[in-house]
There are 2 protein chains.
Amino acid sequence: MVARMHRSPCPRKGRTGRPRSVETDRAILDATRAALVDVGWGKLTMSEVAVRAGVAKTTLYRRWANKNELVVDAVAVLFDELELPDRGGLQADIEGVVLQFGALLARPETKTALMAVVAESTTDDALRERIRSAIVDRQKRLVLLGRERAQQRGELPPDTPGPEGALAASQAVGLIFDVIAGAIVHRTLVSAEPVDAAWAHQFSTLLLTGLGGLG
Amino acid sequence: MVARMHRSPCPRKGRTGRPRSVETDRAILDATRAALVDVGWGKLTMSEVAVRAGVAKTTLYRRWANKNELVVDAVAVLFDELELPDRGGLQADIEGVVLQFGALLARPETKTALMAVVAESTTDDALRERIRSAIVDRQKRLVLLGRERAQQRGELPPDTPGPEGALAASQAVGLIFDVIAGAIVHRTLVSAEPVDAAWAHQFSTLLLTGLGGLG
DNA sequence: CGAGTTACGCTACGACCCGTAGCGAAAGAG
DNA sequence: CTCTTTCGCTACGGGTCGTAGCGTAACTCG
């Protein structure tokens with residue numbers, strides 16, 4: 001069992017032969033997203049992606065070992081556009097990032113692919129790690145940034161100094177991340193209702209004031 | 001295009017011939033869950049389920065049109081065990097249901113199947129409706145019940161009378177449901193960390209007091 | 001420029017799964 | 001007993017999988 005040679009992001013530096021075409025890379029990932037929109041995850045096939053991208057099926061397998069990894073990479077780039085503009089207050093910042101993430105999840109290619117690869121990752125540790133580094137970490141930094149800003153504004157208490165304070169802060173960030181991302185995903189995919197401004201406001205109010213504040 | 005004949009839950013009353021074996025039904029659903037644990041969603045095949053259940057493949061297709069619908073039914077029964085014991089206070093009630101739902105999602109057959117069928121439901125409206133009636137509604141009633149109890153205890157403000165109050169209450173229940181279920185799902189499947197008593201307590205504290213209460 | 005190395009397209013392949021059809025036998029309803 | 005439906009079995013065409021082999025294209029290095 002030799003380690004795999006392929007894997008798109010790392011064409012292995014110091015090569016000497018013909019380099020891989022980045023244009024081909026892009027064409028494949030674009031075709032993957034387009035196919036996801038049209039046929040969904042279950043009926044997506046490597047053959048169809050190859051045809052849509054105008055590429056030989058063997059070229060696909062030289063870069064990605066299977067459908068899961070290909071789709072993770074195809075969807076991961078969509079998460080690069082997430083940002084946290086400073087809107088001047090914690091609640092406004094939360095609503096902003098909620099709306100951004102909601103809009104991202106509303107796109108059919110994201111919606112249909114994200115849960116599918118997450119489901120596969122429950123029986124594939126390598127895939128889970130790939131998802132974590134390619135997707136999850138890109139979101140988590142937004143929580144960290146928003147929390148720091150709120151602490152500087154005095155809207156949230158500062159971290160307790162020392163190692164136990166750092167642990168508590170880390171746990172808090174993990175909790176907040178799961179709550180925000182989880183709620184948006186659940187509303188979009190399970191409840192199948194939109195993440196609009198009204199919902200974002202209601203949700204951020206719940207986060208800031210607790211259940212009693214909902215009226 | 002004649003309407004399908006199969007579909008397990010409705011063998012169509014008033015029949016005259018040989019009835020379907022409920023024992024066969026149970027064997028198939030059991031085999032489906034067992035196979036999910038072993039091979040996961042992606043590599044689960046109808047053929048393997050048939051072999052495990054000791055049943056002909058054609059018998060499977062007489063009852064379920066495809067893998068998605070079979071798995072939904074196989075997993076749905078697991079949600080019947082969810083309850084909301086009265087622990088005397090809102091926070092304790094929340095922690096109880098969070099731990100129950102967390103334990104349910106920790107089971108590998110639930111974990112690997114739930115997200116997969118949700119992903120498929122994004123391109124299959126019939127499947128989404130099946131999931132809603134078979135799984136989602138079973139959880140939502142817990143939120144309704146817990147909210148009523150808390151209002152009777154005076155822990156939450158009562159509903160505003162009139163139609164606009166009912167609308168607000170309905171929205172609040174939907175929001176709370178998405179937040180609780182979403183957070184648990186996200187922590188279990190994406191963050192891949194356990195839903196234990198400590199987390200349940202931290203989470204319920206966040207829900208009751210807001211972000212500032214986390215310390 | 002030439003030699004070496006790698007990527008690419010193409011074809012073909014065995015293996016597997018899909019979903020259906022057709023048959024005879026089994027099991028209940030009336 | 002008769003009618004009806006289920007069930008197991010076999011067989012089938014169609015599709016996808018992932019790989020191998022080959023000739024060619026593209027780039028690097030000496």
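These numbers were taken from a predicted model, which means no experiment stands behind them. Reminder, nothing fancy here: chain letters follow the sequence lines and each chain counts from 1.
One can place CD of Glu23(B) at 13 Å from C1' of dC7(D), the figure rounded to the nearest angstrom. Distance, Tyr61(B) OH to dC7(D) C1': 17 Å, rounded to whole Å. In this structure, Trp64(A) atom CH2 and dA7(C) atom P are separated by 13 Å, rounded to whole Å. The distance from atom CG of Asp25(A) to atom P of dA7(C) is 12 Å, rounded to the nearest whole Å. Between the CH2 atom of Trp41(A) and the C1' atom of dT16(D) there is a distance of 14 Å, given to the nearest Å. Between the CZ atom of Arg20(A) and the P atom of dC8(C) there is a distance of 6 Å, given to the nearest Å. Look at CG on Leu44(A): it is 11 Å from P on dT16(D), rounded to the nearest Å. Put simply, CG on Leu70(B) is 11 Å from P on dG19(C), counting in whole angstrom units.
At the phosphate of dC7(D), OP1 or OP2 sits under 4.0 Å from a side-chain N or O atom of Arg63(B). Within the 4.0 Å cut-off from OP1 or OP2 of dC18(C), at least one side-chain nitrogen or oxygen of Ser47(B) is found. Close to dT19(D), at under 4.0 Å from its OP1 or OP2, lies no side-chain N or O of Thr58(A).
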Distances under 3.5 Å between nitrogen or oxygen atoms of protein and nucleotides 25-29 of chain D:
unit_1, atom_1, unit_2, atom_2, d
dA25(D), N3, Arg18(A), NH1, 3.0
dA26(D), O4', Arg18(A), NE, 3.3
dT28(D), O4', Thr16(A), O, 2.5

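The CZ atom of Arg62(B) lies 11.0 Å from the OG1 atom of Thr24(B); values are rounded to the nearest 0.5 Å.
The residue among Thr45(B) and Thr24(A) whose nearest nucleotide of DNA chain C is located toward the 5' end is Thr24(A).
Salt bridge Lys140(B)/Asp178(B): absent, no basic N to carboxylate O contact under 4.0 Å. Salt-bridge check for Asp73(A) with Arg63(A): failed, with every basic side-chain N at 4.0 Å or more from each acidic carboxylate O. The pair Asp137(A)-Arg132(A) fails the salt-bridge criterion, with no side-chain N (NZ, NE, NH1 or NH2) lying under 4.0 Å from an Asp/Glu carboxylate O. Salt-bridge check for Arg20(B) with Asp25(B): failed, with every basic side-chain N at 4.0 Å or more from each acidic carboxylate O. Electrostatic pairing of Arg147(B) and Asp159(B) counts as a salt bridge here, judged by a charged N lying under 4.0 Å from a carboxylate O. Between Asp38(B) and Arg33(B) there is no salt bridge, since no side-chain nitrogen of the basic residue lies less than 4.0 Å from a carboxylate oxygen of the acidic one.
In the interface, the side chain of Lys57(B) is not paired with the base of dG8(D) through any donor and acceptor atom under 3.5 Å apart. The base of dG9(C) sits with one of its N or O atoms less than 3.5 Å from a complementary donor or acceptor on the side chain of Arg62(A).
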Please assess Phe101(B) against Leu142(B) for the test side-chain contact (heavy atoms from CB on, under 4.5 Å), listing each intermediate value before the final yes or no.
CA-CA 11 Å; Phe101(B) 191 41; Leu142(B) 301 179; over 6 Å; no

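Judged by the 6.0 Å and 45° rule, Lys111(A) forms no cation-pi pair with Trp41(A).
Within a heavy-atom distance below 4.0 Å of DNA chain C, no residue of residues 117-129 of chain B is found.
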